[in-house]
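All remarks here apply to the structure that follows.
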Protein chains: 2
Amino acid sequence: MPASPAEASTQIDRIHAVGARATPARIAVLRLLESAESALSHREIEEALATGFDRVTLYRVLDWLVESGLGHRITDGERVFRFSLAAPANASHAEHAHFRCECCGKMFCLADIPVPAPALPAGFSGKAVEYCVTGQCARCETDVSSDES
Amino acid sequence: MPASPAEASTQIDRIHAVGARATPARIAVLRLLESAESALSHREIEEALATGFDRVTLYRVLDWLVESGLGHRITDGERVFRFSLAAPANASHAEHAHFRCECCGKMFCLADIPVPAPALPAGFSGKAVEYCVTGQCARCETDVSSDES
DNA sequence: ACGACACATGCAACAAGGTTGCAACAAAGA
DNA sequence: TCTTTGTTGCAACCTTGTTGCATGTGTCGT
């Protein structure tokens, strides 16, 4: 079920709400991230949006997304950035934990698990925290155990 | 104060203990990491060891270090890997938190701060946890405040 | 509805970090 | 000392992300 113009208006509103231009690339990325179950890398976004947006355009859209506060950027353990939407403006988007599956490579937001506040040594001031667990996700876990040949 | 052969024997023993060959590159990297106050990136290691080891050699030494259990690899928030030595075999090297200074780029091991165990959703199994705080370290903090012009 | 302007896009080139293949070399044991 | 097997150096390559610049387009004022 591809985009209908009516559905796209949701994204357009969100874009305008942060004082930016509603462009096809931005709308498409927003829509994609909204329906994503896990944080996506630039590569994954490029492949999902087979619409021929330029690589650089996507990088810029993603940068804009973070700058404007509509999304965040997290780093998985493998030198790539991943992007997910921030929660809608009403909810305060507390920092949450992430889970990266070694098997399928997907990254999940563990919204339920609050990131424990760090106790830093004297003189240190923390701004942001990344809390990322690596392991196997539920699906890969069952795949592997049922595949024990 | 450069390496003395006598001091190097410590490193050689550690290398032999994991069943590997004691080569100049490995000894040098081990020595460097032992004296490092923070986790070092490949680049930093290459510059500190101005001894002309090949880039690739260092990458391979670092990979070996992690595989053999003598060191770990962590990712700072900026797409680069950093390496530090594992604690000596007697101590169980519990996972610890890291701190990356946005200002000077250094990465510190916060050995005192235990990484809280994650509560994962059903079906997920975690193997490793990364807990990294970003902010300003004590030195940069004072530099900035005394530099307010 | 139209035009202007600022911002967004596409292209090409670049940069940094890391990996691979392969021939030459050297540490460890016989 | 000799052999073997693991290590090194080199060159080339890949991936991820960035920059400069000319062209295109969304938005606003009219």
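Below, read A as the first sequence line, B as the second, and so on, with proteins coming before strands; counting in each chain starts at 1.
Between B:F99 and B:F108, the ring planes are tilted. Angles from 30° to 60° get that label.
Between B:R26 atom CZ and D:dT7 atom C1' the separation is 7 Å, expressed in whole Å. When the P atom of C:dT9 is taken as reference, atom CD1 of A:I27 falls 10 Å away, rounded to whole Å. Remark: P of C:dA8 and CG of A:L58 are 15 Å apart, rounded to the nearest angstrom. The separation between B:W64 atom CH2 and D:dT5 atom C1' is 17 Å, rounded to whole Å. Atom CG in B:L49 sits about 12 Å away from atom P in D:dT8, given to the nearest Å. For B:L62 and D:dT8, the CG to C1' distance is 14 Å, given to the nearest whole Å.
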For this session: If a protein heavy atom is under 4.0 Å from the base, mark B; if only from the sugar-phosphate, S; if neither, -; do that for nucleotides 13-24 of chain C going 5' to 3'.
Result: ----BBBBB---
Seminar exercise, completed: Protein heavy-atom contacts under 4.0 Å, written 5' to 3' over nucleotides 22-30 of chain D as B (base), S (sugar-phosphate only) or - (none), form the string ---BBS---
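For the pair A:F83/A:L32, no side-chain contact is recorded, criterion being any heavy-atom separation below 4.5 Å from C-beta on.
Within the 3.5 Å criterion, the main-chain N or O of A:F81 finds no donor-acceptor partner in the side chain of A:R73. Without hydrogens or angle criteria, A:R100 side chain to A:T134 main chain gives no donor-acceptor distance under 3.5 Å.
The pair A:K127-B:E141 fails the salt-bridge criterion, with no side-chain N (NZ, NE, NH1 or NH2) lying under 4.0 Å from an Asp/Glu carboxylate O. A salt bridge between A:E34 and A:R14 is present, with a side-chain N of the basic residue lying under 4.0 Å from a carboxylate O of the acidic one.
The hydrophobic cluster containing A:V56 does not contain A:L49, counting ILVMFWY residues as joined when their side-chain heavy atoms lie under 4.5 angstrom apart, directly or transitively. A:V129 and A:L120 end up in the same hydrophobic cluster when Ile, Leu, Val, Met, Phe, Trp and Tyr side chains are linked at under 4.5 Å.
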